[in-house]
Structures are given as structure tokens and as C-alpha cells.
Amino acid sequence: MITACAVEDLPVGESVRIPGEPAIAVFNADGEFYAIDDTCSHQDASLSEGWLEGCFVECPLHAALFDLRTGMPTCLPAKKAVRTYPVLVEDGVIYVDTRAREAVA
Ligand code: FES
């Protein structure tokens with residue numbers, strides 16, 4: 001488990017990037033926290049800099065849309081899923097389990 005940030009530091013509609021190999025993006029989508037690979041599966045864009053639309057994030061470079069729950073892209077140009085990671089909230093702190101979960105088809 002790695003620490004992402006305090007719950008109060010990640011308001012609804014915001015994201016945070018956890019550097020590392022791989023870097024992970026954590027999102028607050030309407031009060032639910034999700035963690036996925038930060039690097040888009042299409043090219044080298046940071047998904048934490050994308051735009052949240054409900055449970056989806058739009059890549060800031062070519063606008064592929066990823067489902068935060070599964071990591072699956074829902075439109076081109078991305079064809080490959082990004083990995084998702086379990087998120088745990090405890091005592092006001094957001095943790096990410098870095099044992100990657102492959103995308104659910
Ligand atoms: S880099 Fe994300 S869609 Fe191209």
C-alpha cells in the first residue's frame with residue numbers, strides 16, 4: 001500500500017498523481033476514489049491531467065475516454081486498457097494497493 005494523500009486534499013472532480021514505476025493517478029469521482037495507471041495506453045500523456053466526467057477520465061492529449069472502474073477505453077484512439085488499483089480510505093487518508101489489477105473486459 002502506498003499513501004496517495006489526505007481525503008480533504010482530493011475534492012470531488014480532482015485528481016492526484018503518485019510518481020513511481022508506474023505512476024498512478026487517483027481520482028475523486030463524485031465521492032468515490034479510483035486509481036489507475038497515470039500514463040495513457042495510447043501515448044505518453046498523464047491521465048491525472050485529464051478531465052473527469054462521472055466515472056470516466058478523458059485523456060488530455062487525444063481525448064480517449066477511460067472507465068475508472070475497469071481501466072477500459074471507451075473510444076479511440078486508445079485501444080488498450082490501463083491497469084486499475086484498489087483504493088482504501090482509512091482515518092481520512094487515501095491508500096492505493098500497488099498490486100496491479102488488470103482491466104476487467
Ligand atoms: S495519449 Fe491518450 S489518447 Fe493519445
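Everything numeric here is computed off the predicted structure, so don't read it as measured data. As the structure lists them, so they are numbered: ligands from 1, and atoms in each ligand from 1.
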Could you tell me whether a side-chain N or O of T3 sits under 3.5 Å from a main-chain N or O of C5, the two making a donor and an acceptor?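 Checked: no pair found.
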
Check: T39 main-chain N/O paired with D37 side-chain donor or acceptor under 3.5 Å: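 Judged by distance alone, no pair lies under 3.5 Å.
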
So which protein N/O/S atoms does atom 2 (Fe) of ligand 1 have within less than 2.8 Å?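 Near atom 2 (Fe) of ligand 1, below 2.8 Å, one finds C40 SG, C59 SG.
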
How about L68 and I36: do any of their side-chain heavy atoms sit closer than 4.5 Å?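 Counting from C-beta outward, L68 and I36 do come under 4.5 Å.
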
So do P22 and R83 actually touch side chain to side chain, heavy atoms under 4.5 Å?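 Yes. Closest side-chain heavy atoms under 4.5 Å.
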
Apart from Y85 itself, which Ile, Leu, Val, Met, Phe, Trp or Tyr residues share its cluster (side-chain heavy atoms under 4.5 Å, direct or through members)?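 ILVMFWY cluster around Y85 also holds I2, V7, L10, V16, I18, I24, V26, F33, V87, V89, I94, V96.
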
C59 side, atom SG; Q43 side, atom CD - distance, nearest 0.5 Å: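 So the SG of C59 and the CD of Q43 are separated by 8.5 Å.
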
